[in-house]
There are 2 protein chains.
Amino acid sequence: MATIRDVAKAARVSTATVSAVVNDTAFVSPELRARVQAAIRELRYSPSLVARNLRRGRSQLIALAVADLANPFYARLVASAEAAVAGWGYSLVLFNSDEKPELERRILSRIRTLGCDGAVVVPVGAANQYRQREFADLPTVLLGRALEGDPADTVTVDNLSAGRQAGNFLLDLGHTRIGSITGPMQVSTGKGRLEGLLEAMAARGLAPQPGHVRSGEFREDAAYSVARDMMGQPDRPTALYIANGMMAIGAMRALSDMGLRCPEDVSIASTDTISGAGGMRPRLTRTEHPVADMTDTALRMLVERIDNKVSDAPRHLVFQPALVVGESCAPISR
Amino acid sequence: MATIRDVAKAARVSTATVSAVVNDTAFVSPELRARVQAAIRELRYSPSLVARNLRRGRSQLIALAVADLANPFYARLVASAEAAVAGWGYSLVLFNSDEKPELERRILSRIRTLGCDGAVVVPVGAANQYRQREFADLPTVLLGRALEGDPADTVTVDNLSAGRQAGNFLLDLGHTRIGSITGPMQVSTGKGRLEGLLEAMAARGLAPQPGHVRSGEFREDAAYSVARDMMGQPDRPTALYIANGMMAIGAMRALSDMGLRCPEDVSIASTDTISGAGGMRPRLTRTEHPVADMTDTALRMLVERIDNKVSDAPRHLVFQPALVVGESCAPISR
DNA sequence: CAGACTTAGCGAAACGATTAGCTATGGTGG
DNA sequence: CCACCATAGCTAATCGTTTCGCTAAGTCTG
């Protein structure tokens, strides 16, 4: 690879002049400018970002660490992030922490070492106080999940509202015996969505029957068996709120295996984070995370941090999920 | 951030010694080693990869440029690639050429500038001879699609075999009136798969009837209408080979809207590259690309190139798709 | 005990860019 | 006609590492 010195020699100018031409940072006479550009083309010179970044102290790299790349939800997030990052003139370095806190820690350390200008992190686990101690100087935006006490900016989604919106939709259709297949209660996405549903029902003086709220662990197979079980009871719910798309697929399959039709026999509403349910008929009625918006926002916040355009106090943004109506819900009519 | 000089000063040794300790590249007496390590911990020193890479002339970065990040197929590819790259001790820089040759070119130029040690590229468009001229020195593996005359290594999949395998499976079930919804004929994935099917049928002295081979443009909605049309005819096929998963979803929906059952009335086999059909029932019988294997292989080939472990002649690997049997095909029995 | 070997650790020169500060040139005003 | 000024372009320091070549102290050998 040609260096700036080769170009300087070929154009019979100094490296400073070449630099000035390349970066358009000082006036260079048309004549020299032309010579330099010719030499650049001739030698196929392309400035080394490594050297430039060493000197400038920035890397033009933004890191994204997601919790589980195999999950289509994060895949979509990655796609949005790539576009946003490129739009700001950075490049995206991608990491997968695979839900392992220890790996996340190593990734952060690598991000720091690589000299990335900032990081967007979908944090895993709960107890990563080390972020505060060791990585406080790395501009960071936490995406999807807030960690209390963490000094980073956060962009999250209102899970409570997701459950509430789905619940209200079912209630408005006249359902009163509403069940739910939830996520694990120890994670905020699992807990918040159920609480939203309960809140919506409580506002109308209702509550689910015992046994009509069960955890499907955010997994398709678990949801399948929970659904079979719950819907096999004589007093089965007329509508279900299912806390993610994966589980909705499992529940749908269970219904169809039991000879129950959706939406005629059972209405299903869900909060679809994964969008793996694209090919499913009937299409799910669901609340969706505004992934693209959230990602764009996270990156804007990050770039502002990097550019020091912003006060030190961490900012916390909460996005509202949107209700998308499919064909999986019907008014109660019997 | 602390530098190696700060550490050296704190430990009262030279920077060379610190470097030796950090990289374990020369013997250092236990005593000094301990002092250095203490200083490192004390100052939270983390060597700057930027500086190291400038000096070493490598970046520990591998670039991946895919043709369309929004496509779940590439999302899966990205996930595999991240894992493989991390396994080799590199980090992954991700780009999306969005099917635009001009953008791909800019991306390659950026990859070079960033100093990436190598690149895995899913090439878009056909006429990118510039790769040979301008980027011949960048170790590259082309993934998914070969470009004739390109000096890069390639890892591709045997589309002909995909069509042949699916065809033979249907033929073995006794089907003779087999139709196909194909991709566009101008791209190798579209053309190859159909040719494979035709070959399998020809080997048994069969050929599709006119009107039983139509293009669905690799799009769900186009496939829906093509399927409705084709299956509305009196002499409709008893089995369909559908050239990708997206179109299979559309065709399934068409069948169900027409009151035709799968597999009882029509058998469907597909080549599923996108795996968006995960939630579908019946599960598709399909040939699948061994994405993970292909990606792993591409990265191994790339790393070998980077390490110069390999002769100059480009290597071309062709993977075989695998037939995955679902419930969407039945023996012909009427 | 002197000379030849080892070897732990050091000093300083790279790597390839940016950029502060300087030089030399030519134009202008008094 | 001289002093001065503006400014195009150059020289060299710098960013934080790695690493080559060297020094000096210690160990052997005859």
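Nothing here was measured: the structure is a model prediction, and the numbers come from that model. First the proteins, then the strands, lettered A, B, ... as listed; each starts at 1. Side chains are part of it too, since the values below use all heavy atoms of this structure and drop only hydrogens, waters and symmetry mates.
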> Do NZ/NE/NH1/NH2 and the carboxylate oxygens of B:Arg58 and B:Asp307 come within less than 4.0 Å?
Replying inline: yes
> Is the shortest side-chain N to carboxylate O distance from A:Arg56 to A:Asp117 below 4.0 Å?
Replying inline: no
>> By the side-chain hydrogen bond (donor to acceptor under 3.5 Å, both in side chains) test, which pairs, at least two apart or in different chains, include something from residues 79-95 of chain A?
In response: A:Ser91-B:Arg110
> Taking atom CG of A:Leu142 and atom NE2 of A:His316, what is their separation to the nearest 0.5 Å?
Replying inline: 9.5 Å
> Nearest 0.5 Å, what's the CD1-OG distance between B:Ile4 and B:Ser46?
Replying inline: 11.5 Å
Please report, rounded to the nearest Å, how far the [atom2] atom of [N] is from the [atom1] atom of [X].
X: A:Arg35; N: D:dA8; atom1: CZ; atom2: P; answer: 16 Å
X: B:Phe27; N: D:dA25; atom1: CZ; atom2: P; answer: 19 Å
X: A:Arg56; N: C:dA20; atom1: CZ; atom2: C1'; answer: 15 Å
X: B:Lys9; N: C:dG11; atom1: NZ; atom2: P; answer: 13 Å
X: B:Asp24; N: D:dT19; atom1: CG; atom2: P; answer: 13 Å
X: A:Ile4; N: D:dG9; atom1: CD1; atom2: C1'; answer: 14 Å
X: A:Leu54; N: C:dA17; atom1: CG; atom2: C1'; answer: 8 Å
X: A:Arg58; N: C:dA17; atom1: CZ; atom2: C1'; answer: 16 Å

Contact class for [X] (heavy atom, under 4.0 Å): base, sugar-phosphate, or nothing?
X: A:Asn23; value: sugar-phosphate
X: B:Leu49; value: nothing
X: B:Thr3; value: sugar-phosphate
X: A:Val28; value: sugar-phosphate
X: A:Ser29; value: sugar-phosphate
X: A:Val13; value: sugar-phosphate

>> If we check side chain to side chain contact (heavy atoms under 4.5 Å, CB included) with A:Glu104, which of these qualifies: A:Asn96, A:Val122, A:Asp98, A:Val121?
In response: A:Val121
> Does A:Ser14 put a side-chain nitrogen or oxygen below 4.0 Å from OP1 or OP2 of D:dC10?
Replying inline: yes
>> If the cut-off is 4.0 Å, is B:Ser19 near the phosphate of D:dT18, judged by side-chain N/O to OP1 or OP2?
In response: yes
>> Let's see if you can work this out: which of D:dT19, C:dA17, C:dG11 has an atom nearest to the side-chain heavy atoms of A:Ala51?
In response: C:dA17
Would you list the protein and nucleotides 12-14 of chain C atom pairs, both N or O, that sit under 3.5 Å from each other?
| from | atom 1 | to | atom 2 | distance (Å) |
| --- | --- | --- | --- | --- |
| C:dA14 | N3 | B:Arg55 | NH1 | 2.8 |

>> Assess the residue pair A:Arg33 and A:Asp24 against the criterion (salt bridge (Lys or Arg N to Asp or Glu O under 4.0 Å)); give the C-alpha distance rounded to whole Å, side-chain angles, the decisive distance to 0.1 Å, and a yes or no.
In response: CA-CA 10 Å; A:Arg33 170 178 299 270; A:Asp24 202 21; 3.8 Å; yes
